[in-house]
Number of protein chains: 2
Amino acid sequence: MQQKNPLLKGSLITIILKLLSENDKMYGYEITRIVQELSQGSLKLTEGALYPSLHKLEADGLLEVSIENIGNRSRKYYSLTKKGKKESVEKLKELNQFFTQMQQVLNLKLSV
Amino acid sequence: MQQKNPLLKGSLITIILKLLSENDKMYGYEITRIVQELSQGSLKLTEGALYPSLHKLEADGLLEVSIENIGNRSRKYYSLTKKGKKESVEKLKELNQFFTQMQQVLNLKLSV
DNA sequence: CAAATATACATAAGAATCTTAGGTATTGAA
DNA sequence: TTCAATACCTAAGATTCTTATGTATATTTG
C-alpha cells in the first residue's frame, strides 16, 4: 500500500533533537509548524507521531519539560538535557552517515 | 532501545528497484552482497528484510522471476517489469526529495 | 454573534518495515 | 570433516509511523 505523505523514515527523533539544539526550548505544536515551514509543506509531522516521541525522549532523560500558561491555555516547553545534547550530536552524525551511504548505494553505476 | 545496525529507514524498496534498473537481473543473495560492498559494510541488508520485500514487489507486478540452476543449487533471478521500471524512477525521485527536505530541516539555523 | 479555523495537548488501533532468530540445503575451503 | 560461504525461506516481535479520535481554548470570518 502506497503512503500518501512522505515518511520521516525513522528520522523524527533526530529532527526533534536537532531543532532543540538550535532553540533553547520549543513546544510540540511549534515543532510541527516549523518542520512544515522548513520543508515548504512537504514534510507533515503528525501529532500522533510527535507527542509519543517527545514523551519517550523525556522518559529517556534526553528532554526536560517546563509548563507555561498563556492565558487559559498551557504549553509544554521541551529543552535538551546534558544527555540530550550529547545524543543530538550523535544522532546527527548517524543520519549524515546514513545519507552518505545511501548515496553511495544509489548513485553508483554498476558494471555487470 | 537503540538499534545496533544502521536502519534502511524505509528505503529498501527503492534500493532494490534502483539496483535492478542498472542490472538486467539479480538474485537475492547477490543484492545483499552488493549493498554491503557499495556501503563499505555499513549497510547490512538482512535476508529477513530482503526476501519478503522481493516477494511483495513480485506480487505487485514490479518484478518478474526466472529461476536458474547452478549445479544442484538454484537462483531466483529478479528483473524489472515495465511497471517496475516506471516505479523505479518514481521511487528514486521521492527519495531524493526526502533527502533534500531533510537537509533543509536539519541544516538551517533558526533565528529565535 | 455563530461557526469555522487555529492553537495545544493527548491516546489508541492498526499498518508498515525492520531485526532477530530460526530453518533447509548445497558447495568449497581448511 | 567440519566450518564458512552460498542460496533460499519464514515467523515472532519491536519500532515507527498513519489515521482517527478526543478535549479544550482562542481567534478569525461570514
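The basis for the numbers below is simple: all heavy atoms, side chains too, and nothing from hydrogens, waters or symmetry mates. Residue numbers begin at 1 in each chain, while the letters A, B, ... track the order of the sequences.
Going from atom CE of B:Met26 over to atom P of D:dA7 covers 12 Å, rounded to whole Å. In this structure, the CG atom of A:Asn69 is 17 Å from the P atom of D:dA24, given to the nearest Å. Straight-line distance from the CG atom of B:Asn72 to the C1' atom of D:dC8: 14 Å, rounded to whole Å. Following rounding to the nearest Å, A:Leu12 (CG) and C:dT17 (P) show an atom-to-atom distance of 17 Å. Distance, B:Lys56 NZ to C:dT17 P: 7 Å, rounded to whole Å. Note: CG (A:Asp60) to P (D:dT16) measures 10 Å, nearest angstrom. Straight-line distance from the CD1 atom of B:Ile31 to the C1' atom of D:dA7: 13 Å, rounded to whole Å. In this structure, CG of B:Leu57 is placed 14 Å from P of C:dA16, rounded to the nearest angstrom.
Partners of A:Tyr29 by side chain to side chain donor-acceptor pair (under 3.5 Å), not counting sequence neighbours: none found. Take A:Tyr51 and apply the ring-ring contact (aromatic ring centres under 6.0 Å, His included) test, not counting sequence neighbours, and it matches no residue. Residues passing the side-chain contact (heavy atoms from CB on, under 4.5 Å) test with B:Asn69, sequence neighbours excluded: B:Ile67, B:Ser74. Listed by chain and number, the residues in a salt bridge (Lys or Arg N to Asp or Glu O under 4.0 Å) with B:Glu68 are B:Lys25 (sequence neighbours excluded). Partners of B:Gln97 by side-chain contact (heavy atoms from CB on, under 4.5 Å), not counting sequence neighbours, listed by chain and number: B:Lys93, B:Gln101.
Comparing A:Ser53 and A:Gly71 against DNA chain D, the residue whose closest nucleotide sits nearer the 5' end is A:Ser53.
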Exercise. Going 5' to 3' through nucleotides 5-14 of chain C, assign each nucleotide B (protein heavy atom under 4.0 Å from a base atom), S (under 4.0 Å only from sugar-phosphate atoms) or - (no protein heavy atom that close).
Key: -BBBBBBB--

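For B:Phe99 and A:Phe99, the ring centers are positioned less than 6.0 Å apart.
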